[in-house]
Visitor: 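Before anything else, here's the structure in question.
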There are 2 protein chains.
Amino acid sequence: MALTMTPKERRQAKTRQAILDTARKIINSKGIDGLSIRSIAKAIDYSPAGLYEYFASKEEIVWAVCSQGQNRLYEAMAQVDPALPDVEYVIELGSAYLNFAAEYPDFFLLMFTTAPQSMRNQAPPGKEIDKEMMGQDSAFTILVEAMGRGVENGTFVLLQNQTVMELAINAWIQVHGTAMLWLTQLRYLNIPLEHIARQSQTTFVRGITR
Amino acid sequence: MALTMTPKERRQAKTRQAILDTARKIINSKGIDGLSIRSIAKAIDYSPAGLYEYFASKEEIVWAVCSQGQNRLYEAMAQVDPALPDVEYVIELGSAYLNFAAEYPDFFLLMFTTAPQSMRNQAPPGKEIDKEMMGQDSAFTILVEAMGRGVENGTFVLLQNQTVMELAINAWIQVHGTAMLWLTQLRYLNIPLEHIARQSQTTFVRGITR
DNA sequence: TTGATTGCCGAACACTGTTCGGATTCTAGA
DNA sequence: TCTAGAATCCGAACAGTGTTCGGCAATCAA
């Protein structure tokens, strides 16, 4: 797609990306409260007003950062080897999810808490954060396919009237709960993530295998 | 304790509680972004500066609101009948947790996401939000005792080298993940909470029973 | 009746996101 | 090449935020 762009469009895209990159860096270093229009502007040698040529509001910037975060999460999970056995594959997918959360805590919390709330109203039509999550090339899709494969192979067993997607949601719940609880509570009690994550995953696998 | 207070202290406590009550109401109606010092002050016929006689900062107000929220969550879970069989008891505890989250979504999200982050630094010493969570008369304590009882009765089985507290953390992860994922994602996809919660709890119980 | 403390407020400060008008600079068409 | 118009960008301002400070009353202790 970059080949079909005019020089003007390329400049625009470059500036847009520079804004998003600095915004993401500030979030990862100073947290979401340390992110201001003026701090972004100063970092890229722009006037605060100048940013509004590229984004309509601060929320739109944060939304775009989160949207790219979903892609990063997808790529992290897509790197897990699908040739692994069913159980190991699902566990490794979960570990990729958790590593992402542990590496970028503020970013992860932003993507899954404050972001979906306040930005639901003015996200680009057809590109809401939930559609983004469920759509093609999303992290959740990888999980659905992994669970579906396990069910077909007879490795995982469905509950009564349970669909594969619902099973995937349950897997998501388990790993997401681990990430959220560790980020907001357990890590301050010096409880290591790997320790509790292994237990949680083991119990979950025990619950869905026969 | 209210009996040992001087009239002056009673007045102070009354005003403090009025501040916290209005703050909680604003959070539940307008969300956390709708909460401002000036909006609280206007609601109780005070000047913005007047509130600083009772709380040192806005964050201290939010912290106190969250702290009282922990108590409300504890009371909700304490009302579950302990005479229930092990499995039903744990499930009902989880349902109480989920009902709380569904009834006060913004409040719940505040308690478990933005709050623990930003207020860790200047919470009253010995009263950090995590100590609050793990301490006596906390919601988590109820869960620990419930799991411990189930283990003693042989209803629940521990993993290798797993403690009862770790098992309780896993139960917490499961129910917390359900709450968070539904509040931030699933409810916008019109997925009913009861539906997905039942599956999640069933799978978890299946994972910890022999 | 003093003197001091408490309770409360108006005004101000530094910050935030955002808008608007006016400068530049770039670009496309005759 | 010249010019009209669009694309960029900025300074200044506005409304809102949390917070501080000086001072004015009311209350309380001696």
Side-chain angles (χ1 to χ4, degrees), chain A residues 4-20 22-24 26-27 29-66 106 110 114-115 117-119 121-123, chain B residues 5-20 22-24 26-27 29-66 106 110 114-115 117-123:
Chain A
T4 69
M5 291 173 108
T6 71
K8 180 173 63 176
E9 288 171 336
R10 258 198 304 265
R11 280 202 314 267
Q12 280 196 6
K14 220 167 189 173
T15 309
R16 274 182 66 95
Q17 193 54 49
I19 293 174
L20 297 182
T22 48
R24 180 171 41 79
I26 293 176
I27 291 172
S29 59
K30 318 274 184 189
I32 183 63
D33 290 335
L35 181 73
S36 69
I37 292 287
R38 285 175 173 82
S39 67
I40 301 175
K42 184 173 293 184
I44 61 173
D45 291 315
Y46 266 62
S47 158
L51 302 191
Y52 287 84
E53 295 289 329
Y54 299 91
F55 293 94
S57 65
K58 179 187 177 183
E59 291 208 338
E60 198 174 294
I61 294 177
V62 176
W63 185 92
V65 170
C66 289
D106 292 284
L110 178 69
T114 93
Q117 292 236 102
S118 49
M119 319 207 203
N121 298 331
Q122 84 284 10
Chain B
M5 293 171 106
T6 72
K8 181 173 62 176
E9 288 172 335
R10 259 199 303 266
R11 280 202 314 266
Q12 281 196 6
K14 219 169 191 173
T15 309
R16 275 182 65 96
Q17 193 54 48
I19 292 174
L20 297 182
T22 50
R24 180 172 40 81
I26 292 176
I27 291 172
S29 59
K30 317 277 183 187
I32 183 62
D33 291 334
L35 182 73
S36 69
I37 292 287
R38 285 174 173 82
S39 67
I40 301 175
K42 185 174 291 184
I44 61 172
D45 291 315
Y46 266 61
S47 160
L51 302 191
Y52 286 82
E53 295 289 329
Y54 300 91
F55 292 95
S57 66
K58 180 188 177 182
E59 291 207 339
E60 197 174 296
I61 294 177
V62 177
W63 185 92
V65 169
C66 290
D106 293 284
L110 178 69
T114 92
Q117 293 234 102
S118 50
M119 319 208 202
R120 160 154 278 78
N121 298 332
Q122 85 283 10

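Order of the sequence lines fixes the chain letters, A, B, ..., with proteins taken first and strands second; residue numbering starts at 1 for each chain. Everything numeric in this text was worked out from a predicted model, so none of it was measured.
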Visitor: Quick one: label B:Tyr54 by what it contacts on the DNA or RNA (base, sugar-phosphate, nothing), any heavy atom closer than 4.0 Å.
Guide: sugar-phosphate
Visitor: Could you check how far CD1 of A:Ile26 sits from P of C:dG17, rounded to whole Å?
Guide: 10 Å
Visitor: Counting only side-chain heavy atoms from C-beta out, which of C:dT18, C:dG10, C:dT19 sits nearest to A:Ala49?
Guide: C:dT19
Visitor: For the side-chain contact (heavy atoms from CB on, under 4.5 Å) test, which of B:Ile26, B:Leu110, B:Asp106 pairs with B:Leu35?
Guide: B:Ile26
Visitor: Using Watson-Crick or G-U wobble pairs with both distances under 3.5 Å, give me DNA chain D in dot-bracket, 5' to 3', with [ ] for crossers and | for pairs to another strand.
Guide: ||||||||||||||||||||||||||||.|
Visitor: Please determine whether a side-chain nitrogen or oxygen atom of A:Tyr52 lies at a distance below 4.0 Å from atom OP1 or OP2 of D:dT8.
Guide: no
Visitor: Could you state the CD1-C1' distance from B:Ile32 to D:dG18, rounded to the nearest angstrom?
Guide: 13 Å
Visitor: A:Arg16 has an atom CZ; how far is it from atom P of D:dT8, in whole Å?
Guide: 12 Å
Visitor: At 4.0 Å (heavy atoms only), tell me whether A:Ile61 reaches a base, stays on the sugar-phosphate, or touches nothing.
Guide: nothing
Visitor: Give B:Leu51 one of three labels, base, sugar-phosphate or nothing, depending on what nucleic acid heavy atoms sit under 4.0 Å from its own.
Guide: nothing
Visitor: Examine C:dC8: is either OP1 or OP2 under 4.0 Å from a nitrogen or oxygen in the side chain of B:Tyr46? Give yes or no.
Guide: yes
Visitor: Using every non-hydrogen atom in the two residues, find where A:Gly34 and A:Ser39 come nearest and quote the distance to one decimal.
Guide: O-OG, 3.9 Å
Visitor: Between atom CD1 in B:Ile37 and atom P in C:dC8, what is the gap in whole Å?
Guide: 15 Å
Visitor: Using whole Å, report how far CD1 of A:Ile19 lies from C1' of C:dG17.
Guide: 15 Å
Visitor: Rounding to an integer number of Å, can you tell me how far B:Ile44 CD1 sits from C:dC8 C1'?
Guide: 11 Å
Visitor: Can you tell me the distance, in whole Å, between the NZ atom of B:Lys58 and the C1' atom of D:dG18?
Guide: 8 Å
Visitor: If you take all heavy atoms of A:Ile61 and A:Leu20, which pair is closest and at what distance?
Guide: O-CD2, 3.8 Å
Visitor: For A:Lys42 and D:dC10, give me the distance from atom NZ to atom P, rounded to whole Å.
Guide: 14 Å
Visitor: Is the shortest heavy-atom distance from the side chain of B:Tyr46 to the side chain of B:Ile19 under 4.5 Å?
Guide: no
Visitor: Write down the atom of A:Ala23, the atom of A:Val65, and the distance for their closest heavy-atom approach.
Guide: CB-CG2, 3.9 Å
Visitor: What about B:Arg38: does its side chain form a donor-acceptor pair under 3.5 Å with the base of D:dG16?
Guide: no
Visitor: For A:Arg16 versus A:Tyr54, what's the shortest heavy-atom pair and its separation?
Guide: NH1-O, 2.9 Å
Visitor: Please check the phosphate of C:dT16 (OP1 and OP2 only) for any side-chain N or O of A:Ser36 closer than 4.0 Å.
Guide: yes
Visitor: A:Lys58 versus A:Ile40: any side-chain heavy-atom pair under 4.5 Å?
Guide: no
Visitor: Closest heavy-atom contact between B:Ser57 and B:Tyr52?
Guide: CA-CE2, 4.1 Å
Visitor: When you check the phosphate oxygens OP1 and OP2 of D:dT8, does a side-chain N or O of A:Gln12 lie under 4.0 Å from one of them?
Guide: yes
Visitor: For DNA chain D, whose closest nucleotide is more 5', that of B:Pro48 or that of B:Arg11?
Guide: B:Pro48
Visitor: Hey, which sits more toward the 5' end of DNA chain C by its nearest nucleotide, B:Ser47 or A:Glu53?
Guide: B:Ser47
